Amino acid sequence: MAQTILILLAVSLDVFSFGISLGVKKQNLSAPKALYFTLVSTLLFVIPFSLSFVFAKFVPAHICYLINGSVLLALGFVYFQVYVLKNFTTSPKSSKKRPNLPQTQNKQENYHSTSKYGNLSLKWLAFYTIPVNLDAFFTALLVGFSMGNYFFVLATYAIFTFVSVFISNKIAINLSNKIKFDLSFVSGILFLILGALKLLEGLGL
């Protein structure tokens, strides 16, 4: 039982990082959206978990770690690229020529900016459950058959997923509101670290 809890806590680390990556960009994940993300993630977990007793005999563990690590590293590089493009490619001339907007127009622009980054579509969330849950997917595929009671594992996984993505998102949002500079690079660092660890584990180092 204790080993199962530790495994599920470990795979929830990717979800925790995902919640932080949204929060530092001030993308608020509401409770219903977090629940939706949890349901889709649990569905992705159920499939390999149910088939684990078959595939665990044929798929080498190190290959799964290498795939997972590569995807996480790719996510980290993407986040850094977006951060660099957003913060270091603005033309000084274009910023000087920009007229001073009235206060009401500035407020309207800020509102639309908040709306853009604050609302997360269900389609977008469903898409990102795939790379974020690769660790959980391969873990369930390889060792799911030995994790214990079927329904207990699923319920525990769902609870850990919801708490990880929802709480981490709120913590990161509060932190980014208090610190007045762009923290979106943090998400890239987190994914790069996780990806590197998975690759090292897959290489047996």
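Please read all numbers here as calculations on a predicted model, not as lab measurements.
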Task: Side chains of Phe37 and Thr161 in contact at under 4.5 Å (non-hydrogen atoms) - done: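 Yes, side chains in contact.
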
Open item on the list: Counting C-beta onward and ignoring hydrogens, is there a side-chain heavy-atom pair between Ile5 and Leu9 closer than 4.5 Å?
Closed with: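 Yes, at least one pair of side-chain atoms sits under 4.5 Å.
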
Rounded distance (nearest 0.5 Å) linking atom [atom1] of [X] with atom [atom2] of [Y]:
X	Y	atom1	atom2	answer
Ile20	Ser164	CD1	OG	10.0 Å
Lys33	Thr38	NZ	OG1	13.5 Å
Leu125	Phe18	CG	CZ	6.0 Å
Ser41	Phe137	OG	CZ	13.0 Å

Open item on the list: Run the side chain to side chain contact (heavy atoms under 4.5 Å, CB included) test against Leu44 and tell me which residues pass, sequence neighbours left out.
Closed with: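 Leu44 satisfies side chain to side chain contact (heavy atoms under 4.5 Å, CB included) with Thr129, Ile130 once adjacent residues are dropped.
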
TODO: Give a yes or no answer on whether the side chain of Ser121 reaches the backbone of Trp124 with a donor-acceptor pair at less than 3.5 Å.
DONE: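 Judged by distance alone, yes, a pair lies under 3.5 Å.
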
Open item on the list: Using a 3.5 Å distance criterion without hydrogens, assess whether the side chain of Ser52 forms a donor-acceptor pair with backbone atoms of Leu141.
Closed with: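 Not a single qualifying donor-acceptor pair exists.
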
Name every donor-acceptor pair, under 3.5 Å, that has one atom in a side chain of residues 148-158 and the other anywhere in the protein, sequence neighbours excluded.
residue : atom : partner : partner atom : Å
Asn149  : OD1  : Phe151  : N            : 3.1
Asn149  : OD1  : Phe152  : N            : 2.9
Tyr150  : OH   : Ser50   : OG           : 2.9
Thr156  : OG1  : Phe152  : O            : 2.7
Tyr157  : OH   : Asn133  : OD1          : 2.9

Open item on the list: Tell me every residue that passes ring pair (Phe, Tyr, Trp, His ring centres under 6.0 Å) with Phe166, counting only those two or more places apart in sequence or in another chain.
Closed with: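 Partners of Phe166 under the ring pair (Phe, Tyr, Trp, His ring centres under 6.0 Å) test: Phe162.
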
- [ ] Decide yes or no on side-chain contact (heavy atoms from CB on, under 4.5 Å) for Asn28 and Lys170, but give the supporting numbers first.
- [x] CA-CA 7 Å; Asn28 181 48; Lys170 302 311 173 191; 2.4 Å; yes

